[in-house]
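All remarks here apply to the structure that follows.
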Amino acid sequence: SPGGDSGGSYYYPDAQVRFELCETTHTDTEIKVMPVWKYMQSFTWTLTKTAVDGSQQPVKMEDTVSGTLGLEGGTIKFNQDGQYTLIATAKNDRGKETVLSKTVTVYPVIDLTFDLPKNTHTDKSVTLAFTPEKLYGSDIVWTAKKDGAAVSPADILDGKLENTGGTFVFKTKGCYTLTAAITDKTGRVFTHTESTKVYPVAGIDFKLPAASHTDTTLDVAATLTEVDGMTVDWRLTKNGETVALADELEGTLTNDSGK
């Protein structure tokens with residue numbers, strides 16, 4: 001009407017936000033989050049964790065991830081395994097919220113660490129132990145090498161290696177490598193390898209008569225096995241007491257014989 005006031009309204013578009021988040025990750029892996037905002041006046045990042053009953057429980061960002069998220073996103077790394085939902089909330093000039101959430105499943109890093117002695121012998125047992133809970137339902141695959149060539153663990157070990165480890169002895173001398181490997185649900189392979197050098201058990205065999213005389217010469221012929229250049233150390237006891245060879249015997253004893 002003439003002289004009257006004309007009114008109008010201003011349109012405030014809804015805030016928009018988008019970002020990508022991988023479906024799976026691990027506790028040792030950094031994730032880069034790069035949001036795109038539009039018509040946004042303010043924003044917040046929040047995080048929930050899926051509980052056993054399937055409900056979403058809020059968790060503090062600073063307690064759950066390493067790193068921070070801001071206007072331009074950021075790089076974060078989850079501290080514990082589990083299923084998480086990352087939520088971006090954007091508000092427009094009138095305070096209307098637009099919410100976008102993405103879910104990621106975080107898997108643990110599986111520790112397959114074990115130790116082998118630097119050196120051992122074919123008559124000494126070795127024990128490896130794993131806690132099943134730390135394998136997170138995955139199975140260990142054991143592989144082996146002997147002197148650089150791939151071999152079956154069953155061919156080189158007396159004893160079994162299973163998910164919980166095992167107790168075994170190496171059957172023969174050589175340089176051995178054992179590797180434990182696990183492939184988790186994401187297809188990531190975790191491995192650990194240790195090496196050892198296995199020595200044979202040296203053997204020596206000789207015979208003496210049950211009785212002899214002081215004027216009788218005895219021939220001592222020793223049979224040596226797996227001595228690998230070692231020197232035989234001859235020792236003598238008399239009436240249960242250790243005595244010097246030179247004081248009690250005439251003649252010499254060498255590595256494999258003597259009189």
Side-chain angles (χ1 to χ4, degrees), residues 8-114 130-143 163-164 178-194:
S9 62
Y10 183 77
Y11 170 70
Y12 293 93
D14 290 346
Q16 298 177 17
V17 57
R18 58 185 172 88
F19 66 91
E20 299 298 327
L21 190 66
C22 53
E23 293 183 357
T24 61
T25 187
H26 291 82
T27 54
D28 65 345
T29 304
E30 291 185 338
I31 303 172
K32 193 170 184 63
V33 181
M34 302 176 64
V36 177
W37 313 94
K38 197 172 182 180
Y39 309 123
M40 180 271 294
Q41 180 63 29
S42 63
F43 70 92
T44 57
W45 292 101
T46 53
L47 198 63
T48 63
K49 184 176 184 180
T50 305
V52 176
D53 61 3
S55 62
Q56 295 298 312
Q57 300 298 319
V59 292
K60 290 183 178 180
M61 188 82 70
E62 61 270 22
D63 295 338
T64 310
V65 301
S66 301
T68 58
L69 294 176
L71 176 64
E72 297 181 357
T75 300
I76 58 174
K77 182 172 65 175
F78 286 88
N79 300 328
Q80 293 183 341
D81 58 297
Q83 187 179 69
Y84 297 88
T85 300
L86 180 62
I87 306 162
T89 302
K91 291 183 180 181
N92 68 0
D93 285 337
R94 298 195 66 176
K96 184 178 179 181
E97 292 185 346
T98 298
V99 178
L100 177 65
S101 63
K102 300 274 187 175
T103 299
V104 58
T105 301
V106 182
Y107 289 89
V109 174
I110 299 176
D111 182 11
L112 291 175
T113 302
F114 64 90
F130 290 97
T131 304
E133 291 78 11
K134 293 186 177 181
L135 303 182
Y136 301 95
S138 300
D139 292 328
I140 298 178
V141 176
W142 291 96
T143 55
N163 260 8
T164 54
L178 288 180
T179 298
I182 276 181
T183 303
D184 72 5
K185 294 179 181 179
T186 71
R188 179 172 171 179
V189 180
F190 299 88
T191 64
H192 184 78
T193 299
E194 290 289 339

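One-based numbering along the sequence shown. The structure presented is a predicted model; accordingly, all values stated were derived computationally and were not measured.
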Is Asp111 salt-bridged to Lys134, cutoff N-O under 4.0 Å? no

Look at the side chain of His192 and the backbone N and O of Phe114, then say whether any donor-acceptor pair between them is shorter than 3.5 Å. yes

Between Val104 and Thr25 the two heavy atoms that sit nearest each other are CG2-CG2, 3.8 Å

Just do the side-chain contact (heavy atoms from CB on, under 4.5 Å) check on Thr183 and Ser138 with the steps written out, would you? CA-CA 7 Å; Thr183 303; Ser138 300; over 6 Å; no

List the steps, then state whether side chain to side chain donor-acceptor pair (under 3.5 Å) holds for Thr179 with Thr191. CA-CA 7 Å; Thr179 298; Thr191 64; over 6 Å; no

Should Lys91 and Asp14 count as an ion pair when the cut-off is N to O under 4.0 Å? no

May I ask you to test the Leu112-Ile110 pair for a side-chain heavy-atom distance under 4.5 Å? yes

Take the angle between the ring planes of Phe43 and Trp37 and call it parallel below 30°, perpendicular above 60°, tilted in between. tilted

Atom CD in Glu97, atom OG in Ser42: separation rounded to 0.5 Å? 8.0 Å

Hydrogens and angles aside, do Glu62 and Thr64 bring a side-chain donor and acceptor to less than 3.5 Å of each other? no

Quick check: do Thr98 and Lys38 have side-chain heavy atoms less than 4.5 Å from each other? no

Please tell me if the side chains of Ser66 and Ile76 come closer than 4.5 Å, counting only heavy atoms from C-beta onward. no

Residue pair Ile140 / Ala180: nearest heavy atoms and the distance that separates them: CG2-CB, 3.8 Å

OH-CZ distance between Tyr136 and Phe190, expressed to the nearest 0.5 angstrom: 10.0 Å

Do other residues, nucleotides or ligands put more than 12 heavy atoms under 6.0 Å from Arg18 CZ? no

Looking only at heavy atoms, the pair that brings Gln56 and Pro58 closest together is O-CD, 3.8 Å

Ignoring hydrogens and angles, tell me if any N or O in the side chain of Asn92 forms a donor-acceptor pair with the backbone of Met40 under 3.5 Å. no

Minimal heavy-atom distance between Ala51 and Gln57, with the atoms involved, is CB-CG, 3.9 Å

side-chain contact (heavy atoms from CB on, under 4.5 Å) assessment of Leu21 paired with Val33: CA-CA 7 Å; Leu21 190 66; Val33 181; 4.3 Å; yes

Beyond-backbone contact of Leu47 with Thr85, side-chain heavy atoms, under 4.5 angstrom: no

CD (Glu20) and NZ (Lys32) are apart, to the nearest 0.5 Å, by 14.5 Å

Test side-chain contact (heavy atoms from CB on, under 4.5 Å) on Val65 and Glu30 and set out the steps. CA-CA 10 Å; Val65 301; Glu30 291 185 338; over 6 Å; no

Measuring only between side-chain heavy atoms, which start at C-beta, is Pro132 closer than 4.5 Å to Asn163? no

To the nearest 0.5 Å, atom OG1 of Thr46 lies from atom CG of Leu69 at 10.5 Å

Going through the checks in order, is the side chain to side chain donor-acceptor pair (under 3.5 Å) test met by His26 and Asp184? CA-CA 11 Å; His26 291 82; Asp184 72 5; 2.7 Å; yes

Other residues, nucleotides and ligands only: do more than 12 of their heavy atoms fall within 6.0 Å of CD on Gln80? no

Check: Lys102 and Ile87 side chains under 4.5 Å, non-hydrogen atoms: no

Working for side-chain contact (heavy atoms from CB on, under 4.5 Å), residues Leu135 and Ile182: CA-CA 8 Å; Leu135 303 182; Ile182 276 181; 3.8 Å; yes

Report yes if some heavy atom in the side chain of Tyr12 is under 4.5 Å from a heavy atom in the side chain of Gln41; otherwise report no. no

With Phe19, which residues qualify under ring-ring contact (aromatic ring centres under 6.0 Å, His included), at least two apart? Trp45

For the pair Phe130 and Trp142, name the ring-plane relationship: parallel under 30°, tilted 30 to 60°, perpendicular over 60°. tilted

Could you tell me if the side chain of Tyr84 sits less than 4.5 Å from the side chain of Thr50, heavy atoms only? no

Residue pair Val17 / Ala88: nearest heavy atoms and the distance that separates them: CG2-CB, 4.0 Å

